[in-house]
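As structure tokens, the structure follows; a few thoughts come after it.
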Amino acid sequence: MRVVVHGLTKEFMTGQGKTVALAGVDLEVRDREFFGIIGPTGCGKTTLLHIMAGLEKATQGGVEFVGEKRTQSLVSMVFQDAALMPWRTVEENVPLGPEFRKEQRSMMKRVSQYFLEMVRLFDFSGSHPHELSGGMKQKVAIARALANDPEVILMDEPFANLDAQTRLLLREELLRIWERDKKTVILVTHNLEESVMLCDRIAVMSAAPGVVKSIVSVDVPRPRNFRSMRDPDFGRCMEKIWELLRYDVDKAMRESRPSQTTEQQKIGRGKQSFTWWE
Ligand SMILES: Nc1ncnc2c1ncn2[C@@H]1O[C@H](COP(=O)(O)OP(=O)(O)OP(=O)(O)O)[C@@H](O)[C@H]1O
Ligand SMILES: [Mg+2]
């Protein structure tokens with residue numbers, strides 16, 4: 001399934017006035033592509049994913065899913081925080097999509113088992129979310145997204161809250177799953193290394209209001225794993241993205257300073273720590 005975004009603009013009206021989150025985004029994600037979106041904080045990445053998922057409405061322009069629908073649903077989303085239901089077991093958290101579609105209980109159990117095997121969490125089927133580590137919870141969230149059987153998986157910084165080593169592991173897991181059952185994946189990340197490791201192409205966005213500044217193709221051969229980082233193309237690609245991003249990241253930091261001052265400065269001073277805006 002291709003995802004075509006055309007002339008997408010999003011404005012939010014708030015008490016303080018109008019915020020232009022997206023100012024005319026155009027992009028086209030190919031069928032079964034692993035596509036990355038990277039950009040400075042506040043440039044509208046989450047807003048863009050929310051519009052793709054139908055959670056927000058565009059002010060102008062829109063998102064089109066083009067192609068034959070081969071699966072049960074159109075999109076699944078994985079959030080930064082796994083957002084599991086704490087009162088349900090792992091096994092009961094996975095088949096939300098099939099449950100929503102009112103599929104049979106035995107079918108839901110099979111689906112759950114299949115995807116928990118895939119993310120290597122079958123042994124934790126009967127556990128509750130509070131018994132899992134952060135990385136394990138994110139794996140359940142990924143299993144839940146896959147169990148929904150979507151054409152397109154949208155991921156909003158899915159590994160951002162995890163430690164560096166768990167991140168590495170989950171990237172490899174995600175690659176393994178994607179190689180096996182290629183779906184169109186759109187991944188928002190702040191992490192340059194992660195974007196190059198996982199993606200076929202990466203859209204680099206400008207500082208707010210967001211537009212797509214450039215699309216970078218990643219030439220690192222697949223299948224990829226930890227060792228791919230040694231490939232000279234890996235470094236070259238990261239460098240290229242950083243050169244495109246650098247100015248806008250700096251701009252976003254400078255522009256966010258006034259709104260963050262009071263609380264952040266208080267916290268910073270209280271701890272005797274030094275942050276960039278002090
Ligand atoms: N529901 C909302 N109401 C008002 N303004 C919003 C809303 N959601 C987002 N915004 C504003 O839209 C802009 C883009 O926000 P968004 O969360 O999409 O950025 P982002 O690129 O995902 O940032 P980050 O990298 O920090 O996650 C910001 O200025 C934000 O304050
Ligand atoms: Mg965001």
Side-chain angles (χ1 to χ4, degrees), residues 3 5-27 29 35-63 75-83 134 138 141-142 145 152-162 167 170 185-196 198-199 201-216 238 241-242 244-264 267-268 275-277:
V3 184
V5 179
H6 45 87
L8 187 68
T9 299
K10 177 67 183 175
E11 297 170 359
F12 289 105
M13 294 308 293
T14 63
Q16 285 93 299
K18 188 169 79 175
T19 304
V20 183
L22 298 166
V25 170
D26 290 293
L27 56 88
V29 180
F35 190 85
I37 299 176
I38 200 162
T41 183
C43 75
K45 303 178 294 296
T46 295
T47 305
L48 177 57
L49 281 204
H50 283 177
I51 295 172
M52 286 175 175
L55 300 171
E56 293 272 7
K57 273 203 155 124
T59 307
Q60 262 172 33
V63 178
V75 290
S76 283
M77 185 138 175
V78 179
F79 300 91
Q80 188 169 341
D81 157 17
Q138 264 330 70
I142 292 169
V152 181
I153 301 187
L154 307 173
M155 300 183 128
D156 193 2
E157 302 189 56
F159 309 139
N161 290 335
L162 306 176
R167 233 168 206 263
L170 284 200
V185 177
I186 304 179
L187 169 84
V188 165
T189 177
H190 274 120
N191 190 301
L192 271 81
E193 187 186 272
E194 185 163 290
S195 68
V196 177
L198 296 173
C199 300
R201 291 185 306 147
I202 299 154
V204 180
M205 291 183 69
S206 67
V211 290
V212 175
K213 204 171 169 184
S214 189
I215 306 260
V216 176
M238 269 181 59
I241 297 168
W242 180 234
L244 285 162
L245 267 180
R246 186 183 206 118
Y247 170 80
D248 288 86
V249 170
D250 188 44
K251 185 167 172 238
M253 272 170 81
R254 276 185 274 115
E255 283 172 5
S256 66
R257 212 181 292 191
S259 61
Q260 292 183 337
T261 38
T262 44
E263 271 316 295
Q264 298 283 16
I267 297 164
T275 42
W276 60 266
W277 54 82

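Values below: every heavy atom of this structure, side chains too, minus hydrogens, waters and symmetry copies. As the structure lists them, so they are numbered: ligands from 1, and atoms in each ligand from 1.
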Ligand-side contact atoms (ligand 1) for residue partner H190, heavy atom cut-off under 4.0 Å: 25 (O)
Element-labelled atoms of ligand 1 that are located less than 4.0 Å from some non-hydrogen atom of T14: 4 (C)
Using a heavy-atom cut-off of under 4.0 Å, does the side chain or the backbone of [X] touch ligand 1, or both, or neither?
X: E157; result: side chain
X: K10; result: neither
X: T41; result: both

Would you mind checking which non-hydrogen protein atom is closest to [atom], with the distance to 0.1 Å?
atom: atom 12 (O) of ligand 1; result: A21 CB, 3.4 Å
atom: atom 29 (O) of ligand 1; result: T19 CG2, 3.6 Å
atom: atom 1 (N) of ligand 1; result: F12 CE2, 3.6 Å
atom: atom 14 (C) of ligand 1; result: G42 O, 3.4 Å
atom: atom 18 (O) of ligand 1; result: T47 OG1, 2.5 Å
atom: atom 25 (O) of ligand 1; result: K45 NZ, 2.7 Å

Ligand 1 N/O within reach of G44 N/O, cut-off under 3.5 Å: yes
T46-ligand 1 polar pair, N/O distance under 3.5 Å: yes
Test applied, side chain to side chain contact (heavy atoms under 4.5 Å, CB included); reference residue, Q80; option that passes from V188, T46, D156, N161: N161
C43 near ligand 1 by a heavy-atom separation under 4.0 Å: yes
Atom 21 (O) of ligand 1 protein-contacted, heavy-atom criterion under 4.0 angstrom: yes
Under-4.0 Å heavy-atom contact between protein and atom 6 (C) of ligand 1: yes
Basic-acidic side-chain contact under 4.0 Å: R254, D250: yes
Shortest non-hydrogen separation from L22 to I51 and the atoms involved: CD1-CD1, 4.2 Å
Donor-acceptor contact present, side-chain K45 to main-chain I38, <3.5 Å: no
Metal proximity, T46 vs the Mg ion (ligand 2), N/O/S cut-off 2.8 Å: yes
